[in-house]
Amino acid sequence: MASSELLQKIRLNGRIPRHVAIIMDGNGRWAKQRNLPRAAGHKRGIVAVRESVEGALDAGIEILTLFAFSTDNWQRPRSEVLALMGLLRLYVSKETQKLREQGCEVHVLGDLDALDASTTKSVEFITTETAGGMHLRLNLMISYCGREEILRACRQMMKRAASGDLLAEEFDEASFEAALFTAGLPDPDLMIRTSGESRLSNFMLWQVAYTELHIASVLWPDFSREDLFRAVLDYQERDRRFGRVTVG
Ligand code: IPE
Ligand code: IPE
Ligand code: MG
């Protein structure tokens, strides 16, 4: 089905997911299939990021959260880590202007202290250049993992408690969520993982409590807006019960 037909179906169905998160996986396998170095797969992944941003804009998704680099990915060979950081900087230099014109506000979330100086500069650049974008909030999760995010939030809460600023009774979901990287955002309605793997790999562990999961077999570099639309159509057929009973 063509992209415009899929989009029309999405609009007819209504109930557009407000927040979509994607575990962008399969770059290495994409490159291997072509006898290319892994970095070639990562580079081609930039095209898929553009596809998903434009698809999200077309579909009226408000928040797109992309898992770009996990805390555990620091354990990969140094050459691959350096290539990934270089590609992040390339992404910023190639895409910032367009993202700004399209009204995308970019936030880079994760343990950013681990980044080198020039990558930190790029992150600051894309963040300030796109601030105020009204059409799509794009979260790039870099040096991120869910467990570390939860621990970091707990540490903040403990410090507040130690200073007398927080009572044990005030430690609830709302105060805790305010200490997460995703403070102020609704939980993802839909989480997509590409490359056919059915696991969360430490992504948004707190936030996915009632998120609908969609596993796509396509490898990330081949992910297109049509794949995003198909995931949204799949989501629109789900019966979200949040532990309750559907009436009617
Ligand atoms: C996803 O692709 C990108 C990152 C994790 C940075 P991979 O590099 O994990 O590719 P595969 O899973 O080895 O194919
Ligand atoms: C998850 O993919 C991390 C990102 C997509 C950034 P990985 O490829 O690192 O995860 P595993 O090793 O397959 O669980
Ligand atoms: Mg992988």
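These figures come from a predicted structure and were not determined experimentally. When a ligand or atom number is given, it counts from 1 through the structure's own listing order.
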So, are Glu197 and Arg193 salt-bridged, with charged N and O less than 4.0 Å apart?
no

For Asn27 and His42, test the side chains for any donor-to-acceptor distance below 3.5 angstrom and give the result as yes or no.
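Yes.
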
Within the 3.5 Å criterion, strictly below it, is a donor on Asp72 or Ser70 matched to an acceptor on the partner's side chain?
no

Any His42 heavy atom less than 4.0 Å from ligand 1:
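Yes, His42 has heavy atoms under 4.0 Å from ligand 1.
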
Any idea which of Glu197, Arg193, Arg199 brings a heavy atom closest to atom 2 (O) of ligand 2?
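Residue with the shortest heavy-atom distance to the ligand atom: Arg193.
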
Who gets closest to atom 5 (C) of ligand 1 by heavy atom: Arg76, Met24, Arg29, Lys32?
Arg76

So is there a nitrogen or oxygen of Ser70 less than 3.5 Å from a nitrogen or oxygen in ligand 2?
no

Using a plain distance cutoff, I'd like to know if Asp25 has any nitrogen or oxygen under 3.5 Å from a nitrogen or oxygen of ligand 1.
yes

Tell me whether the guanidinium CZ or amine NZ of Arg160 lies under 6.0 angstrom from the six-membered ring centre of Phe171 and within 45° of its axis.
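Not flagged: Arg160 not positioned over aromatic ring of Phe171.
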
for atom 3 (C) of ligand 1, nearest protein heavy atom and its distance come out as Asn27 ND2, 3.5 Å

Tell me, which protein residue and heavy-atom name are nearest atom 10 (O) of ligand 1, and how many Å apart are they?
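Closest protein heavy atom to atom 10 (O) of ligand 1: Gly28 N, 2.9 Å.
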
Under 4.0 Å to a heavy atom of Ala68 - the qualifying atoms of ligand 1, by number
6 (C)

Ligand 1 atoms nearer than 4.0 angstrom to some heavy atom of Asn73 are 5 (C), 6 (C)

So does Glu197 have any N/O/S atom less than 2.8 Å away from the Mg ion (ligand 3)?
no

Spatial distance of atom OG (Ser224) from atom CZ (Arg50) [nearest 0.5 Å]:
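Taking OG in Ser224 and CZ in Arg50, the distance rounds to 14.5 Å.
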
